[in-house]
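Quick notes on the structure that follows.
Quick note: numbers below take in every heavy atom, side chains included, and nothing from hydrogens, waters or symmetry partners. Chain letters run A, B, ... following the sequence lines, proteins first, then strands; residues in each count from 1. Computed from a prediction, not measured in an experiment: that's the story for all the values here.
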Amino acid sequence: MTMPERDYQPDQFEPRWAERWAQAEPSAPEGQKQKYYVLEMLPYPSGALHMGHVRNYAIGDAVARQLRMRGYDVLHPMGWDAFGLPAENAAIKNRRHPREWTLANIAHMREQARRFGFSYDWAREVTTCLPEYYRWNQWLFLKFYERGWAYRKRGWVNWCPQCATVLANEQVAGGVCWRHEDTPVESRELEQWYFKITDFAGELLRDLEQLGGWPERVRAMQRNWIGESYGAEVEYQLQPPGQGSRPAPVSASAPVSLKIFTTRIDTIFGVSALVLAPRHPALAGMLAAPELARAHALQPERGAAPLGTEAEKEGFFTGWHAINPFTGRPIPVWTANFVLMDYGTGAIMAVPAHDERDFDFCRKYGLPIPVVIRPSQPDAPVPADAAFTEDGVLVNSGEFSGLDSAEARKRMAAWIEARRQGRATITYRLQDWGVSRQRYWGTPIPFIYCPDCGLVPVPQDQLPVQLPENVPISAQGVANLAGIPEFVETTCPRCQKPARRETDTMDTFVDSSWYFYRYLSPHNDGAPFDAAEARRWMPVDQYIGGIEHAILHLIYARFFTKAMRDLGLCNVPEPFLRLFTQGMITRHGAKMSKSKGNVVDPADLIARYGADATRAYVLFAAPPERDFDWNDQGVEGLYRFLGRVYRLAQRHEMDASLLPTDFAPQNSEWQLLRKTHQTLARISQEFESRWHFNTCLAAIMELVNVFYELEPEAGKGIRPAVWRDCLRILVLMLAPFAPFVCAEIWQAWGLRDTPAAQTWPRANPSWTAEDEVEIVIQINGKVRTHLRVRASSDAAELERWALGLPAVQTALAGRSPVKVIAIPGRLVNIVMRP
RNA sequence: GCGAGAGUGGCGGAACUGGCAGACGCCCUGGAUUUAGGUUCCAGUGCCCGCAAGGGCGUGGGGGUUCGAGUCCCCCCUCUCGCACCA
């Protein structure tokens, strides 16, 4: 008896399952099962899911579903990165409150995610713009403040005129804003809140070594970003301008010494000048107003130089001199555009003979170029008209002459340290994270400015500091908090006198730095998260997301975990054990964007082909870590394939009985069992290694082709029990990639639950092995013929049989081969002289 | 310039350890089913020569190691991504 065959029409059953799964209570955690935390990067609720989301979640869901079938207790949550500027821009456009717009988008996107069948535990959903969440941003901010990890500082900051707010260094790439690629970032001098991520720089760098489950590319990017350099600080005493014994009068704020950072203290006998960054604070006490202005004019705007070039080096002599502590001789102090205030001490010693930049600069301005390092190999060539920048042997360096560079660096650092004019030190390129934003739609920073008490943290029991509901929205924008008097005006928690609230909000990267802890106890109102839950679930076993967060989000989140560990909130040093970065989906060779008109809308795909075909195609098109270009016909291929499976399954009855493992197959049963179990072994292996789901789906397609080929044998040469067993395995293997159609088939078969609730099948090794193999016969490395032999045939047998083949006899033409290579199970190569 | 990754049919890709290059899918062609179109099912499909049997060529280019190289080594070319005077 066969069931009536129906066409594959996913819209007739997918919504039904989606609804059922959305309402299903998450399976209760079972203590004895091993935990596995699968996390996908939470999306910004921009309005609708895009293909990038679909790819990210299709990968994560396949992994989560397969792990559940393998018996893990899987945590697979989802949430919304709901604060941020697009909501304000939308507010301006539609005169709609950012909260309304955001929550409406979330509702829609959650519905889309459900329609796709992504198996999230919706009871754990987190929305960062709700006070239940952001109060814990504020709570953590205050904890950081107590530890000195949150502090205020006046300094030059990146300002994006489009965003009308400050940006962190990580959010500026190539001189432009990360959200506005056509907007150069300006620099402004402002007082801002910072997180002291530099306190963790060394640990953030070292612990990268233990992140073996991360792509090397991401680790390299973070390593470069942190930028650790071993070197020394050296303090130079200053001499004001003036001739001989009559120094010119200097102001009270005049500095008496200057600290520089160098990685090459071994070259210090070759210093021609000290050079200060144009914005070095010491210059204010060294230069008269016109010169100071001249110095400030040297400061290049970030990204001012065209890409691929460096600005011409420019600077001028300040009139001051500094005493080289090693030689006792005065050297001129300059200021120049090529010295960065943000790195080291903002001042360098210029050693033109041994640094390319210093060489360019000193040659341009006619400063001397004394040589103090020679190559270790006496006959090695020395660059004629360039700096020799490698390590070597010191010359003209007083008592240090003759030492090699590495040894000299140690001794010279010790020498300067003994004189208390310097020390060996480590410098990082990484700078503290500027977290202030001058925007409305973010977490208010919980501080109060009191005329009497100064800066006062908002007491913990008064959290959250709520974002005011009523905010003026005009064509110019959403007012920031400074423009909302009801918010600003408050009373001092200490003295109760009138006071002002801090009006900056937090960078939204604060929200995403710890959201994956909030999933563990999303409704806890006594703490950001439950420590016992964190002990059970952290670290995240597998994080999946886009490479674009390689530095920003992933370094901030690592920093938060380390800080929270030091606060005693959690006990792991790293948040993400394994990281998988999926590739981009392009179309017509370009990133999908509305302006290019090359967007594929997941909603349209669901309507035409259903969620399963869309998910499966996204996985089939390429290995998940690679970029791929969207092909409209490709989805149709997967739609056809799922239809093939659906129809095949409908044509056959099912029962719940399993084939015994010691079952003795006969005739074509072997073929089906072997193919099924070989496919199963391949897919099981792929889940535990590369995640090349494209080959998994290809393997399932091959298997389905075999089913079609053998279908006339079903119930004849292939007994029903064998046919059913293989068919059931097919559906179970497909279930992580196309859960709807598999559930539908399961139900149509009259079986209980869904494939997702079944145990992942185990490949039977006695059925995967081939008993016969085809051996390639080569002559001089070229395939000439084939030979079918028992799989167990040894090399001697193979050689004997191969040499007896007519084709080989013809080729040999009576001569004897020079050599015969026989590899059991693979080939025989007969080597002859040409 | 520096760092990382990638170059395989008309297209996406497969070949994980050196052992039949092109699995699987798309496109295209033909056949069956169908009143017809669509759907479905089956077959063909790297390039060149050949009616065929068969042969030659072929994984960006050049060289090398090896019985044997898409895979290992050296040199070069192209593309993608990241970094951008970090002393």
Side-chain angles (χ1 to χ4, degrees), chain A residues 5 7-8 173-175 215-221 223-225 227-229 231 260-264 267 275 300 303 305 307-311 313 336-340 342-345 347-351 354-358 360-361 389 427-430 547-548 550-551 583-584 617 620-623 625-638 640-641 643-644 647 682 685-686 689-690 692 694-702 704-705 708-709 711 774-786 817-823 825-832:
Chain A
E5 188 171 334
D7 266 351
Y8 175 58
E216 183 47 41
R217 190 156 69 120
V218 175
R219 294 201 290 170
M221 281 163 79
R223 232 177 263 127
N224 293 339
W225 188 262
E228 184 178 67
S229 296
I260 60 96
F261 173 76
T262 180
T263 55
R264 291 298 303 274
T267 65
V275 190
L307 278 166
T309 63
E310 281 170 11
K313 291 180 175 50
N337 60 350
F338 73 98
V339 178
L340 308 174
D342 295 340
Y343 184 77
T345 62
I348 62 148
M349 60 181 210
V351 185
H354 305 294
D355 181 280
E356 282 167 32
R357 297 152 301 182
D358 298 346
D360 293 345
F361 183 71
T389 59
T427 290
Y428 295 94
R429 197 188 96 109
L430 181 73
I547 185 76
E548 65 273 19
I551 296 178
M584 254 194 338
Y617 170 63
F620 178 72
E625 73 279 6
R626 207 180 307 175
D627 291 352
F628 82 90
D629 205 64
W630 183 266
N631 178 331
D632 293 301
Q633 275 119 24
V635 208
E636 291 183 33
L638 270 291
R640 275 199 284 271
F641 164 68
R644 247 165 109 74
R647 287 186 297 274
R682 254 175 96 178
Q685 169 63 28
E686 207 56 69
S689 53
R690 307 179 303 177
H692 281 193
N694 55 327
T695 63
C696 292
L697 285 158
I700 298 175
M701 288 173 183
E702 283 185 53
V704 170
N705 291 343
Y708 268 71
E709 200 182 305
E711 203 171 8
E774 191 156 76
I775 296 289
V776 172
I777 310 298
Q778 295 182 335
I779 292 172
N780 285 339
K782 292 191 177 180
V783 181
R784 281 300 113 120
T785 183
H786 296 92
V818 176
K819 194 173 183 181
V820 178
I821 315 280
I823 311 289
R826 293 217 185 264
L827 54 49
V828 178
N829 187 11
I830 297 152
V831 185
M832 304 193 313

_Of A:E636 and A:T427, the one whose closest RNA chain B nucleotide lies more 5'_ =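 Between the two, 5'-proximity favours A:E636.
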*Nearest-nucleotide wise, let me know which of A:V339 and A:Q633 is further upstream toward the 5' end of RNA chain B.*
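Residue closer to the 5' terminus by nearest nucleotide: A:Q633.
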Looking at [options], which one has an atom nearest to any side-chain atom of [X]?
X      : options                : answer
A:E702 : B:rC16, B:rC41, B:rA23 : B:rA23
A:A622 : B:rG13, B:rC16, B:rG56 : B:rG13
A:I823 : B:rG19, B:rC20, B:rA87 : B:rG19
A:V831 : B:rA14, B:rC67, B:rC85 : B:rC67
A:T695 : B:rC42, B:rA15, B:rG19 : B:rA15
A:H692 : B:rG19, B:rC41, B:rA14 : B:rA14
A:A698 : B:rA23, B:rC42, B:rC85 : B:rA23
A:N694 : B:rC57, B:rC24, B:rG13 : B:rG13

*Residue pair A:I830 / A:R784, side-chain heavy-atom distance below 4.5 Å*: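 No - every pair of side-chain heavy atoms lies 4.5 Å or more apart.
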_A:K313 vs A:N337 side-chain heavy atoms within contact, under 4.5 Å_ =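 A side-chain contact under 4.5 Å exists here.
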*With a 4.0 Å cut-off on heavy atoms, is A:D627 in touch with a base, just the backbone sugar-phosphate, or nothing at all?*
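Contact class for A:D627: sugar-phosphate only.
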